[in-house]
Amino acid sequence: MKNILVTGGAGFIGSNFINHILKERDDYFIINLDKLTYAGNLENLVESENHKNYRFIKGDICNAELVSYLFEKYKIKHVINFAAESHVDRSILGSSIFYQTNVIGTNVLLETARRKEVEKFLQVSTDEVYGSLGAEGLFTESTSLSPNSPYSSSKAGADMMALAFYHTYGMPVVLTRCSNNYGPFQFPEKLIPLMIINSLNDKKLPVYGDGMNVRDWIYVIDHNRAIDLVFEKGRTGEVYNIGASNEMPNIKIIQLILQHLKKSDSLIEYVKDRLGHDRRYAIDSTKIQTELGWKPKFTFEEAIQFTIDWYLQNEQWWKRIISGDYLKYYEQQYLGR
Ligand code: NAD
Ligand code: TYD
């Protein structure tokens, strides 16, 4: 049995990871440490909350005393760090909390893990640390880091720190860098859930700039299958890119969602561009495919259909969220209302 400290497990990717992994494996005991920020939601974990191999702890990864206590209490030798502030637009509006959680918080986890002599520390990172691509080329693990937003620069800082702990102390650290995820439980500030929910409510769909920025989309379960594989078999000190080779301009995704929901293109509204908006991300995942034998299981067509259906069937989940302040925030920032 492995006692694994999973941080940020009440967010989008972390909760999907926990729900998936508790069904797949009986040799993991998961301690989920999550601060429950606006993005953390225990409703995401209803199917896991009573599982015998699962505990939830509400708390901040920046709290060194708490983190140390949990390592001691649960004899933690394994860490998967999902916890982060994750939204680029929010990082543009105010960056401090991004550096606090993503850099300082990761430092607290790494320092504690070093003292407790962990056997594996997986840092969940993003392709955004590589910066923006032109029309050609792909990010490989040796592409130099060139982050452009406060969010991506904070993630790059954490990546460098994690690798420095490997080089300096020989800590068993491994990194994953994944492209844009979609799937159930994604907070409706990110492109795909925002567009689904706005379409369902016949609200305008704010497209930044010319709508031709490209992202490389992967279904969240494929990302989590890759994380589990890297966690088990990835070589320490290494970085593994994760992507499903599914590049798409934003406007195409939006049109697809409108078609699926049989809504009119007239909902589309071009709005002012995001500051410093990265033009294109695209991942080369040859390394994880050849070295660890991972490949995506889901096609975009089936997984986007499944995702749209999930939002249709889980109105209560997102209605509670959008009754908060998030729509107001978007309307003010991007629609000038
Ligand atoms: P999310 O914003 O949905 O969830 C983040 C979770 O972390 C929330 O539950 C939140 O409460 C928790 N959290 C935030 N600050 C915390 C703190 N100080 N202490 C403890 N918990 C805290 O994010 P996500 O989309 O699930 O992303 C998870 C990880 O994956 C992040 O590290 C992100 O950088 C990375 N990632 C995301 C994507 C994507 O497309 N969403 C792609 C690649 C990598
Ligand atoms: P997002 O989901 O915020 O992910 P990231 O910026 O981390 O890639 O945005 C994905 C793309 O969609 C990005 O190019 C910005 C664009 N976008 C819009 O055009 N309108 C929106 O309302 C949002 C949230 C994003």
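Both counts, for ligands and for their atoms, begin at 1 and track the order of listing.
Every heavy atom of Gly9 sits 4.0 Å or more from the atoms of ligand 1. Assignment of Cys178 to the shell around ligand 1 is supported, since a heavy atom sits closer than 4.0 Å. For the ligand labelled ligand 1, residue Phe187 lies outside the 4.0 Å heavy-atom shell. At least one heavy atom of Gly59 sits closer than 4.0 Å to an atom of ligand 1. Residue contacts with ligand 1: Phe185 is excluded, as none of its non-hydrogen atoms falls under 4.0 Å.
Nearest non-hydrogen protein atom to atom 42 (C) of ligand 1 is Ser179 O, 3.3 Å. The protein heavy atom nearest to atom 33 (C) of ligand 1 is Tyr151 OH, 3.5 Å. With respect to atom 41 (N) of ligand 1, the closest heavy atom belonging to the protein is Ile13 CD1, 3.7 Å. For atom 9 (O) of ligand 1, the closest non-hydrogen atom on the protein side is Asp34 OD2, 2.6 Å. Scanning all protein heavy atoms for the shortest distance to atom 32 (O) of ligand 1 gives Lys155 NZ, 2.6 Å.
Below 4.0 Å from some heavy atom of Phe82 lie the following atoms of ligand 1, by number and element: 28 (C), 29 (C), 31 (C), 32 (O). Each of the following atoms of ligand 1 lies closer than 4.0 Å to a heavy atom of Asn180: 40 (O). Which parts of ligand 1 touch Ser86 is read off a 4.0 Å heavy-atom cut-off, strictly below it: atoms 1 (P), 2 (O), 23 (O). Those atoms of ligand 1 with a heavy atom of Leu36 less than 4.0 angstrom away are 11 (O). Heavy-atom contacts of Gly40 reach the following atoms of ligand 1: 8 (C), 9 (O), 11 (O) (cutoff under 4.0 Å).
On a distance-only criterion, Arg215 and ligand 2 share at least one N/O pair closer than 3.5 Å. Residue Gly11 places at least one N or O, backbone or side chain, under 3.5 Å from an N or O of ligand 1. Ligand 2 has no nitrogen or oxygen under 3.5 angstrom from a nitrogen or oxygen of Val207. No N or O atom of Asp278 sits closer than 3.5 Å to an N or O atom of ligand 2. In terms of polar-atom proximity, Asp89 is not counted as a contact of ligand 2, lacking any N or O under 3.5 Å from an N or O of the ligand. Considering backbone and side-chain N/O of Lys190, none are found under 3.5 Å from N/O of ligand 2.
With a 4.0 Å heavy-atom cut-off, ligand 2 is reached by the side chain of Asn180 but not by its N, CA, C or O. Residue-level proximity to ligand 2 for Glu189 is carried by the backbone, the only part with a heavy atom below 4.0 angstrom. With a 4.0 Å heavy-atom cut-off, ligand 1 is reached by no atom of Phe98.
The residue from Ala39, Gly8, Ser125 that puts a heavy atom closest to atom 6 (C) of ligand 1 is Gly8.
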